[in-house]
Amino acid sequence: MTVSTLTKGVLAGERRALSKAITLIESTRDDHRIQAEKIVDALLPHTGNTIRLGLTGIPGVGKSTLIESFGLYLLEHGHRPAILAVDPSSPVTGGSILGDKTRMEMLSRDARAFIRPSPSGGTLGGVARRTREAMLLCEAAGHDVILIETVGVGQSETAVAGMVDLFLLLVAPGAGDELQGIKKGIVELADMVVVTKADGDLADAARRAARDYSNALHLIGRVDENGNVPVVTCSATSGFGIDAMWQGVTEQIAAAKSVGTFAQRRGRQAKAWMWDEITETLISDFKNDPNIAKTIKDYESLVENGRMAPGVAVQKLVGIFKR
Ligand code: GDP
């Protein structure tokens, strides 16, 4: 398929074209990269009038179950969700942390929804770039609510929080009612905290957890641009609280739009994206430079063996690169 057929196909909301275009984005081949950039550029005017949500939480907190319920809820209400995942392969196991289990089965069967697993491999920077571009393509294809799921590995939350309008932290009613598994850094990125599994035996614990998180957020002085970080409870299995969660999302977005922080945040994100691209592009140009490719191994081993300071090697290599 040519660039223009793919572009037209995406705009017409054809899933096959959307999948193929995202595959181009994920490819590391230079010719694919050029085609992908053309597609993204052509589609850019058709993006942006959407809600971009990030969701994070430790494995087992209920992310995929909640995204499935929430996604079905959105479909019922006339929306067309797209779900993307940011899951840089674990550096230790090489495997995907979000897992290979069948996820979001009902949602994935509905033609109005679009689910794309994480691009595999590569640096977080590379994964983040591909996810941002995939998000734009989904928007151009008519998806109006984009959910980007991530799991707490390294900096992936920060990367996702930097590409969405609202970042939702999912927490489960914890054993012992401690605020467990929560690194302060992640709580500080959250625009909303969602306590999952608020059903059956866990309903009381979920309410207590919500109160504890509210208090904790106040204690650390965490207020969002509009003054507060809501804490909601919900159950993916019973459906309780899903509407309140969506209402919280739309209210926060309406508030942010009315005071101008919505556009400011997107503007900041676009600028940060540009700088990420500059970094990625320069590093890749550097690595692909024939003179660098010839000498890099020598400098690496000099540095490795302690015979040259890293800073000196950098000066010399950058000198070679600039020549
Ligand atoms: P993920 O690893 O964060 O994607 O979590 P999953 O969605 O796979 O859920 C982990 C476990 O929690 C599964 O055994 C689910 O059945 C269970 N679970 C998920 N959502 C709920 C819920 O709303 N209520 C209850 N009681 N259990 C849930």
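Remember, it's a predicted structure, so these values are computed and weren't measured experimentally. First listed ligand is number 1; within each ligand, the first listed atom is number 1. We use all heavy atoms of the structure for the numbers below, so side chains are in, but hydrogens, waters and symmetry mates are not.
For Glu133 and Arg130, the salt-bridge test fails: no basic side-chain N is under 4.0 Å from an acidic carboxylate O. Ion pairing between a basic and an acidic side chain is recognised when a charged N comes within 4.0 Å of a carboxylate O; Arg116 and Glu26 show such pairing. We find that Arg266 and Asp165 are joined by a salt bridge, their nearest charged nitrogen and carboxylate oxygen being less than 4.0 Å apart.
In summary, the atoms of ligand 1 found under 4.0 Å from a heavy atom of Thr65, numbered by their order in the structure, are 6 (P), 7 (O), 9 (O), 19 (C), 20 (N). Close contacts of ligand 1 with Pro59, meaning ligand atoms under 4.0 Å from a residue heavy atom, involve 2 (O). Each of the following atoms of ligand 1 lies closer than 4.0 Å to a heavy atom of Ile58: 3 (O).
Taking any N or O of Ser64, backbone or side chain, at least one lies under 3.5 Å from an N or O belonging to ligand 1. Residue Gly60 places at least one N or O, backbone or side chain, under 3.5 Å from an N or O of ligand 1. Any N or O atom pair closer than 3.5 Å counts here, and Leu202 shares no such pair with ligand 1.
Residue pairs meeting the salt bridge (Lys or Arg N to Asp or Glu O under 4.0 Å) criterion with at least one member in residues 9-18, sequence neighbours excluded, do not occur.
Checking Glu139 against Thr50 by side-chain atom types alone, a donor-acceptor pair falls below 3.5 Å.
Counting heavy atoms under 4.0 Å from ligand 1, residue Thr237 touches it through both backbone and side chain.
Residue Leu66 places every heavy atom at 4.0 Å or more from ligand 1. Using a 4.0 Å cutoff on heavy atoms, Val61 counts as a contact of ligand 1. Using a 4.0 Å cutoff on heavy atoms, Ser235 counts as a contact of ligand 1.
Its side chain within the 4.5 Å cluster rule, Leu317 clusters with Phe286, Ile292, Ile296, Tyr299, Leu302, Met308, Val312, Ile320, Phe321 among the Ile, Leu, Val, Met, Phe, Trp and Tyr residues.
Taking a 6.0 Å sphere around CG of Asn305, one finds it holds more than 12 heavy atoms contributed by other residues, nucleotides or ligands.
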